[in-house]
Amino acid sequence: MSVRGELMSSPEEWKKWEGRVDGKFPLRQWLGGSEHSAVFVTERPGHPEKVAIKLIAADADADRQLSHWRAAAQLSHPHLMRIYEAGRCRLDGTPLLYLIMEYAEEDLSQILPQRALAPTEVTDLLPALLDALAFLHDKGFVHGRVKPSNVHALGDQLKLSADQIVATTEPASRRRDVYDAPETAAGIVSPAGDVWSIGVTLVAALTQNVSFENSAGADPSHPDPAPPDTVPQPFRGIARECLHLDPKRRCSLAEIQARLQPEGRSVPAPAPLPASPPTPTYRTTWRILIAIAVSLVLALGVHFVRTIFAPKASTQLGQIKIEEDAPANSEPVNTKPAAHTAPTPAPVPTPSRAVATRGGEVVHQVLPDVPQSARNTITGTIKVNVRVEVDTSGKVASAKLASPGPSKYFAGLALKAAQGWEFSSPVADGKPATSTWLLQFRFKRTSTQASPERVNR
């Protein structure tokens, strides 16, 4: 079998080239691939950062492919993977095309087998994709392959791959999977095709499933595929408007963006201005002034009476109090009148988390084991609170979610970890007692923290 035949047979055959150093781009770690391509980590001469190199077999369509890559390399956008170089090469005499592009630590297809994204995560994901697609469409290009494996994480940034970008004037290759719009089977590419792909990717991210009924063909007599009922709003409405079989009926990128902001969909009517008060007449004005003058006279009179009598009354009351309460051998007490203050109301007891029993501490804590691939999807901090009931031996008798946070996946990790915690038993009336604890887990991209708090049951 020829080298080319081996390369085209399976991804495992491509992987055999891992570690190959031939020419200026050494093939380091194998990142993945298919029967038609492979991606390795490499580095560019004179540049310290890692980059990725994609290899595909050079066939009769090689010139067209190189033209696409070089056109994509001219595009620059914060949410598009950068292309550095493209060209031809040979491995053991086999002609190949190579593409040098940014290296991404993770892509969405590696996350979804482990967990679905939370709605808050999708809210962070979609604007980046929409912004990148809007840029491409404005430049006369379409992405053509929006799907989880082409949504990458580079540090805190989300980026779309750029190696599949084509001009809208180019004919499309045949339809390959559910992420491709139905009309691509006829060689039609358009911005509406990217909208279809956004809808399918959205459903995949929230459900880990993209099996739609009636999505195999573009027969107008068939109903449009509907997203599952488990997809929450506003994402279900967005997906439904993306997945029309008729491209003309699909929503625009701007409409998707608007649906992500519910407050922007309905603007409340402005509150009516308060009616202007009637303009006072001459007679009314004098009545108001007279009333103000009378009020001032009364206030001054009351102040005058209080000034004369209040100090004496206060002094007398103060002396009586001192004489009744002071012991016979007490020192003379300053009888200076106390300032008049309103009686302080008794404090209202507030709920306290402190318990009356003694002791009770954490003796062993378990932090969730979070795969790095899952950490890379975290933006900010995900907080999960777990309430645990502890028996007299200090073991967790039961655990339940008090506040699950935005992700079922991380809530499950926290719940499992909480069940392994151990405590010293508090003592009540000389005997070991049960206790209740609230454990807060905080998941970040770089760490996981936990804080215990003992509570009353």
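All heavy atoms count here, side chains included; hydrogens, waters and symmetry mates do not.
In terms of heavy-atom proximity, A399 sits nearest to Q419 at CB-CG, 3.9 Å.
H152 NE2 to L154 CG: the interatomic distance, rounded to the nearest 0.5 Å, is 8.0 Å. Rounded to the nearest 0.5 angstrom, L160 CG and M81 CE are separated by 10.0 Å. Note that the OG1 atom of T168 and the NZ atom of K139 stand 13.5 Å from one another [nearest 0.5 Å]. Between atom CG of residue L253 and atom CG of residue L129 there is a gap of 10.5 Å, rounded to the nearest 0.5 Å. Taken to the nearest 0.5 Å, the CD1 atom of I83 stands 10.5 Å off from the CD1 atom of I100. Distance CD/E361 to CD/E422: 14.5 Å, rounded to 0.5 Å.
Ion pair R44/E49 flagged as a salt bridge, since at least one NZ, NE, NH1 or NH2 atom sits closer than 4.0 Å to an Asp/Glu carboxylate oxygen. Salt bridge status for E255 with R249: absent, with no side-chain N to carboxylate O gap under 4.0 Å. Looking at K147 and D180, no side-chain N of the basic residue comes within less than 4.0 Å of a carboxylate O on the acidic one, giving no salt bridge. The residues K159 and E102 are annotated as salt-bridged, a charged nitrogen and a carboxylate oxygen being separated by less than 4.0 angstrom. With respect to the salt-bridge test (charged N to carboxylate O, under 4.0 angstrom), the residues R250 and E241 do not qualify. A salt bridge links E43 to R28: one of the charged nitrogens lies within less than 4.0 Å of a carboxylate oxygen. Note on E106 versus R375: no salt bridge recorded, every NZ/NE/NH1/NH2 to OD/OE distance being 4.0 Å or above.
V370 places a side-chain heavy atom less than 4.5 Å from the side chain of F410. Side-chain atoms of Y98 and E85, non-hydrogen and from C-beta on, do get closer than 4.5 Å to each other. Residues P182 and W196 meet the side-chain proximity criterion, which asks for heavy atoms closer than 4.5 Å. Annotation: side chain of P432 is not in contact with side chain of V427 (no heavy-atom distance under 4.5 Å). Residues I198 and L126 form a side-chain contact, since some pair of their non-hydrogen atoms from C-beta on lies under 4.5 Å apart. D177 has its side chain out of reach of V210: every pair of non-hydrogen atoms, C-beta onward, lies at least 4.5 Å apart. Residues Y84 and L99 are not in side-chain contact: their nearest non-hydrogen atoms beyond the backbone lie 4.5 Å or more apart. For the pair L27/L55, a side-chain contact is recorded, criterion being any heavy-atom separation below 4.5 Å from C-beta on.
No side-chain donor-acceptor contact under 3.5 Å links E121 to the backbone of L125. Although no hydrogens or angles enter the test, the distance criterion places a donor-acceptor pair under 3.5 Å between the side chain of W421 and the main chain of V366. Using modelled atom types, no side-chain atom of T448 and backbone atom of L367 make a donor-acceptor pair closer than 3.5 Å. A side-chain donor-acceptor contact under 3.5 Å links D391 to the backbone of S393. A donor-acceptor pair is defined here as one N or O able to donate and one able to accept, closer than 3.5 Å; no such pair exists between the side chain of S447 and the backbone of K444. Between the S197 side chain and the G193 main chain, a donor and an acceptor come within less than 3.5 Å of each other. Distance alone, capped at 3.5 Å, places no donor-acceptor pair between the N385 side chain and the F441 backbone. A distance-only check finds a donor-acceptor pair linking the side chain of S425 to the backbone of T392 [under 3.5 Å]. Panel note: side chain Q208, backbone L112; a donor-acceptor pair is recorded below 3.5 Å. With hydrogens and angles ignored, the 3.5 Å screen pairs a side-chain donor or acceptor of Q110 with a backbone N or O of D107.
Neither side chain, R387 nor S398, offers a donor N or O lying under 3.5 Å from an acceptor on the other. No side-chain N or O of T207 forms a donor-acceptor pair with one of N209 less than 3.5 Å apart.
Tested against V142, the residues V166, L136, I165 include a single side-chain contact (heavy atoms from CB on, under 4.5 Å) partner, V166. With L243 as the fixed residue, the side-chain contact (heavy atoms from CB on, under 4.5 Å) test singles out one of V200, V195, D224: V200.
Residue R82 places its CZ atom among 12 or fewer non-hydrogen atoms of other residues, nucleotides or ligands, all under 6.0 Å distant.
For D229, the side-chain hydrogen bond (donor to acceptor under 3.5 Å, both in side chains) criterion is met by R236, not counting sequence neighbours.
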Check against side-chain hydrogen bond (donor to acceptor under 3.5 Å, both in side chains), T436 and E389: CA-CA 5 Å; T436 303; E389 303 293 340; 2.7 Å; yes
Going through the checks in order, is the side-chain hydrogen bond (donor to acceptor under 3.5 Å, both in side chains) test met by R259 and Q257? CA-CA 5 Å; R259 282 176 172 265; Q257 186 67 54; over 6 Å; no
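Among pairs with a residue in residues 50-75, none fulfils ring pair (Phe, Tyr, Trp, His ring centres under 6.0 Å), at least two apart in sequence or across chains. The stretch residues 99-147 participates, sequence neighbours left out, in these ring pair (Phe, Tyr, Trp, His ring centres under 6.0 Å) pairs: H77-F135.
Both tests do not hold together for R145 against Y179: distance to the six-membered ring centre under 6.0 Å, angle to the ring axis within 45°.
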